[in-house]
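Data block below; observations after.
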Amino acid sequence: MPELPEVETIRSGLSRLLPGRQIAAVRFDTPKSFPNAPADVEAFMTGAQIVAVARRAKVLLIELSSKYSLVIHLKMTGQLVFQAPGVHFGAGHPNDSLVGPLPDRSTRVTVDFADGSQLFFNDQRKFGWMRLMPTAEIPQLDFFKKVGPEPLGSDFTWQVLKTRLLRRKNTNVKAAILDQSVVAGVGNIYADESLWGAKIHPATIVRELSDKDFKNLHKSLQAILRLSIEKGGSTDKHYVDAEGKKGSYLSFASVFRREGRPCPRCGTTIIKTRVAGRGTHICPHCQQLQA
DNA sequence: CACTTGACCTGTCCGC
DNA sequence: TGCGGACAGGTCAAGT
């Protein structure tokens, strides 16, 4: 569920909150959520300071003064929540509808800082992970070698989108745009929203798309990602930002999770179907499949 | 090689 | 009320 706008919102929050703080202790549950050896965590995390927080695709990078970094993928239900000294989530806290007292049952990793603040990595479904590794080795990870361009980067033109999508010219456009090696950071929500914006049926085979389609999709994708970042991302059930707050993009969504309601453009009832193995929301009038 | 499906998990919701 | 099954969706491995 955290896609580019959600991870970017967390990054910007953590960038304000973490740099300069010194790690005092780290606790974690299973090797699946944190595969490093305890000795390495002790050697390269404990005592180190946070230098910077960055993002690439849906991956967060927390750089430490030890020349090591934390590489974090939240997958579907992951959260990274910062708790300032003396602050406690739960009853009476403005965000208690989504974040209760921490740590809780879903907490996988807890980082204690020297000043008493804490960072919690929570993940109900345990798909996400956090990994400590030398900063210099990050670009050599398979994921970083093959991941596509950032869709909000200045060099991401409609022609770049066209060329990248055509790498998967025989599949449907929804599967292609969800492919992280085609373009970075797009997941189910923004795939559906941007295809609606471009009036393209998600099951359209990529090779059938016209230049006008590629231009429209490019424009729509960028506008929607920018709007969602401005709204703090999309919260359905799990996503919260670095301070435990929900994002409000879904109240601006046109089709995602809006089946049975009218299309904001033409009034036709939005339907939910299945494309590329994913729940898919479309306006059957605006997004017609060409024969 | 290109593409699709299943596995990884847990919580929630729906129908019987 | 309880229970089984479908579903949620990011990514990778396995299968076609």
Side-chain angles (χ1 to χ4, degrees), chain A residues 1-11 28-35 55-61 71-80 97-100 103-109 121-131 141-148 150-151 163-195 202-208 225 228 233-240 247 249-250 253 255-260 271-282:
Chain A
M1 206 161 291
E3 305 180 26
L4 189 152
E6 291 74 33
V7 181
E8 177 57 25
T9 302
I10 294 170
R11 183 210 62 77
F28 48 98
D29 62 351
T30 62
K32 175 144 191 212
S33 36
F34 200 129
R55 177 192 63 76
R56 176 76 171 97
K58 301 173 192 172
V59 176
L60 274 166
L61 302 166
V71 182
I72 303 165
H73 202 306
L74 300 171
K75 293 289 180 84
M76 261 101 71
T77 57
Q79 305 174 327
L80 269 182
S97 59
L98 270 185
V99 180
D104 65 19
R105 204 164 24 157
S106 74
T107 300
R108 310 288 161 219
V109 183
F121 168 43
N122 301 327
D123 186 17
Q124 178 190 102
R125 285 172 71 179
K126 305 183 185 179
F127 284 11
W129 45 263
M130 174 181 284
R131 174 175 167 193
L141 289 176
D142 285 346
F143 177 84
F144 286 96
K145 283 196 282 192
K146 70 174 197 201
V147 69
E150 288 289 325
T163 304
R164 308 286 306 183
L165 284 172
L166 284 172
R167 288 154 60 112
R168 299 203 51 188
K169 60 186 160 69
N170 294 320
T171 191
N172 62 73
V173 64
K174 176 150 177 177
I177 204 168
L178 287 172
D179 183 338
Q180 298 300 293
S181 72
V182 168
V183 53
V186 181
N188 209 36
I189 298 173
Y190 303 104
D192 281 6
E193 290 291 296
S194 60
L195 288 165
T204 309
I205 302 301
V206 172
R207 80 175 109 76
E208 306 292 333
L225 293 175
S228 184
S234 296
T235 293
D236 181 25
K237 288 193 175 63
H238 301 280
Y239 167 73
V240 290
Y249 175 80
L250 283 189
V255 288
F256 190 82
R257 292 284 158 79
R258 294 182 58 82
E259 59 270 31
I271 58 167
K272 182 173 180 183
T273 175
R274 234 177 154 73
V275 177
R278 301 265 183 269
T280 298
H281 310 76
I282 61 171

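Lettering of chains follows the sequences in order, A, B, ..., and the numbering in each one begins at 1. Given the structure is predicted, the values throughout are model-derived calculations rather than measurements.
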To the nearest Å, give me how far apart [atom1] ([X]) and [atom2] ([N]) are.
X	N	atom1	atom2	result
A:L4	C:dG10	CG	P	12 Å
A:W129	C:dC12	CH2	C1'	12 Å
A:K58	C:dC12	NZ	C1'	13 Å
A:R278	B:dT4	CZ	P	12 Å
A:H238	C:dG10	NE2	P	12 Å
A:D123	B:dC8	CG	P	16 Å
A:M130	C:dT11	CE	P	17 Å
A:D29	B:dC9	CG	P	12 Å

Please confirm whether the shortest side-chain N or O distance from [X] to OP1 or OP2 of [N] is below 4.0 Å.
X	N	value
A:R274	C:dA6	no
A:K75	C:dT11	no
A:T77	C:dA8	no
A:K146	C:dC12	yes

**Study point:** Heavy atoms from other residues, nucleotides or ligands near CZ of A:R56 exceed 12 (cutoff 6.0 Å)
**Key:**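 Check passes, neighbour count above 12.
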Check your understanding: Looking across every strand, which nucleic acid part, if any, lies under 4.0 Å from A:Y190 by heavy atom: base, sugar-phosphate, or nothing?
Key ->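 Result for A:Y190 = nothing.
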Check your understanding: Heavy atoms under 4.0 Å, any strand shown: does A:G187 hit a base, just sugar-phosphate, or nothing?
Key ->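 Sugar-phosphate, no base atom in range.
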**Study point:** Neighbours of DNA chain C within residues 178-186 of chain A, by heavy-atom distance under 4.0 Å
**Key:**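 Heavy-atom contacts with DNA chain C come from A:Q180.
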Which one, [options], comes nearest to the side chain of [X]?
X	options	answer
A:N170	B:dA2, C:dG10, C:dA8	B:dA2
A:Q124	C:dC7, B:dT10, C:dT11	B:dT10
A:N188	C:dG10, B:dC3, C:dA8	C:dG10
A:R168	C:dG10, B:dC9, B:dT4	B:dT4
A:K272	B:dC3, C:dG10, C:dC7	C:dC7
A:K32	C:dT11, C:dC7, B:dC8	B:dC8
A:H73	C:dA8, B:dG11, C:dG10	C:dG10

In Å, rounded to the nearest 0.5 Å, how long is the span from [atom1] of [X] to [atom2] of [Y]?
X	Y	atom1	atom2	answer
A:R108	A:K126	CZ	NZ	5.0 Å
A:T171	A:R207	OG1	CZ	10.0 Å
A:R168	A:I205	CZ	CD1	10.5 Å
A:E193	A:L250	CD	CG	8.0 Å
A:L178	A:R278	CG	CZ	6.5 Å
A:L74	A:E3	CG	CD	12.0 Å

Review point. Are any non-hydrogen side-chain atoms of A:V59 and A:V71 less than 4.5 angstrom apart?
Key: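 Result yes, sub-4.5 Å side-chain heavy-atom pair found.
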Point to revise | 5'-to-3' dot-bracket of DNA chain B (Watson-Crick, G-U; under 3.5 angstrom; crossing pairs as [ ]; | other strand) | key: .|||||||.|||||||
Review point. For residues A:S106 and A:D123, is any side-chain donor paired with an opposing acceptor at under 3.5 Å?
Key: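 Distance-only check fails for A:S106 and A:D123.
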Point to revise | Centroid under 5.5 Å and tilt under 30°, A:F127 to B:dC8 | key: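 Yes, A:F127 stacks on the base of B:dC8, since the ring centres sit under 5.5 Å apart and the planes are within 30°.
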Practice item. Give a yes or no on whether a donor-acceptor pair under 3.5 Å exists between the nucleobase atoms of C:dA8, that is its base, and the side chain of A:R125. Key: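 Per atom types, the contact qualifies.
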Point to revise | A:Y249 ring center within less than 6.0 Å of A:F256 ring center | key: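 Between A:F256 and A:Y249, the centre distance exceeds or equals 6.0 Å.
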Practice item. Measure the acute angle between the ring planes of A:H73 and A:F143, then classify it against the limits of 30° and 60° as parallel, tilted or perpendicular. Key: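 Rings of A:H73 and A:F143: perpendicular, over 60°.
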Practice item. Taking atom P in both C:dT11 and B:dG11, compute the distance separating them and give it to the nearest angstrom. Key: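 Straight-line distance between the two P atoms is 22 Å.
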Practice item. Using the P atoms only, state how far B:dC9 lies from C:dC3, rounded to an integer number of Å. Key: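 Comparing P positions in C:dC3 and B:dC9 gives a spacing of 24 Å.
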